[in-house]
Amino acid sequence: MNKVIDFETYLIISQQKFEIYLLDIKNFKNLFRKELNYESDSAKIDLNLLSEFLEKNIFEIEKLAGNFVNNINIIIESNSIFRLDLSVKKKNYSGNITNLFLENMLTDVYDLFQESYNEYKLMHMLINKYIIDDVSYSSFKAETNKDEICLEIKLICISNLITSEIENILKKYQIQVNHYFDRKYLENYSKDENLDVSHLAYKLKNGINNNEVKIDSKPQRNIGFFEKFFQLFS
């Protein structure tokens, strides 16, 4: 029996197509891939067809993996995905800009998002620019002796109504969602990466984009909000 951690399952959902992959992490190759194209005049995802698609393919994946599929990663393409660009400026009156100061700054952004957009689930938090003394930087590699910083941030989120519908279907197979991805974000990033969608999603989930903030699924300030800040801060 193979270990569960040797494999990850990726499900791609859109209004015209479903795809499912079984990724062998150790050898970094897909052991299984199936897709279903369908026509629909509706702007909504065909949930009944999604259930049928899973019914036909989950058992085959479990046979190949030698284990039940308990968790799945969802890559979604939908007009309901909401993208928000914002700038946040903050001064550290107690001294320099440090990694911890940035982490607390991003925690405040997340809290504000939760308060103002609680009908959405946050999928990605991306830092586009670090602005210090009116100079833009693409990364932040060490603490600076400046005491003020501005961050240009993109938040990518999806309606809780959609995620709830998807998760209710997956419950029939005792499967939980491990991670949600925005298909458009993956495609834009893949311009510099010659990878298929499952490989790219796996790499992004594990920190290939240093300017994506990896958020704990159950954030608590007292034990640390982020699972891991950027790779370069680890």
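Quick caveat, the model's predicted, so the values are computed rather than measured. Position 1 is the first residue of the sequence, and the numbers go up from there.
Using modelled atom types and a 3.5 Å distance limit, the side chains of Y38 and Q15 yield no donor-acceptor pair. In this structure, a donor-acceptor pair under 3.5 Å is present between the side chains of N178 and N73.
Remark: K90 engages D108 in a salt bridge (Lys or Arg N to Asp or Glu O under 4.0 Å) (not counting sequence neighbours). A search for salt bridge (Lys or Arg N to Asp or Glu O under 4.0 Å) contacts involving K63 returns nothing, not counting sequence neighbours. With sequence neighbours left out, E167 forms a side-chain contact (heavy atoms from CB on, under 4.5 Å) with T163, V177, Y180.
Heavy-atom minimum distance, A201 versus Y10: CB-CE2, 3.6 Å.
With respect to I13, the side chain to side chain contact (heavy atoms under 4.5 Å, CB included) criterion is satisfied by exactly one of I166, I162, I20: I166.
F53 has its side chain within reach of L11: a pair of non-hydrogen atoms, C-beta onward, lies under 4.5 Å apart. No side-chain heavy atom of F32 sits under 4.5 Å from any side-chain heavy atom of T9. Looking at V197 and I12, their side chains come closer than 4.5 Å, going by heavy atoms from C-beta outward. Looking only at side-chain heavy atoms (C-beta outward), R83 and L155 stay at 4.5 Å or farther from each other. Side-chain contact check for E148 versus N92: every heavy-atom pair is 4.5 Å or farther apart. Put simply, the side chain of L204 reaches to within 4.5 Å of the side chain of L186, judged on heavy atoms. The shortest side-chain heavy-atom distance between Y185 and L126 falls under the 4.5 Å cut-off. Residues K146 and N96 are not in side-chain contact: their nearest non-hydrogen atoms beyond the backbone lie 4.5 Å or more apart.
Under 4.0 Å is where a charged nitrogen must lie from a carboxylate oxygen, and between E19 and R33 at least one such pair does. Electrostatic pairing of D24 and K29 does not count as a salt bridge here, judged by no charged N lying under 4.0 Å from a carboxylate O. Between D85 and K154, at least one side-chain nitrogen of the basic residue sits less than 4.0 Å from a carboxylate oxygen of the acidic one, meeting the salt-bridge criterion. Of the charged side-chain nitrogens involved, none lies within less than 4.0 Å of a carboxylate oxygen, so that K205 and E212 do not count as a salt-bridged pair. With salt bridges taken as basic N to acidic carboxylate O contacts below 4.0 Å, none links E52 and K56.
Y120 and Y117 have perpendicular rings, their planes meeting at more than 60° on a 0 to 90° scale where under 30° would count as parallel.
Under the 4.5 Å side-chain heavy-atom criterion for ILVMFWY residues, no single connected hydrophobic cluster contains both L102 and Y93.
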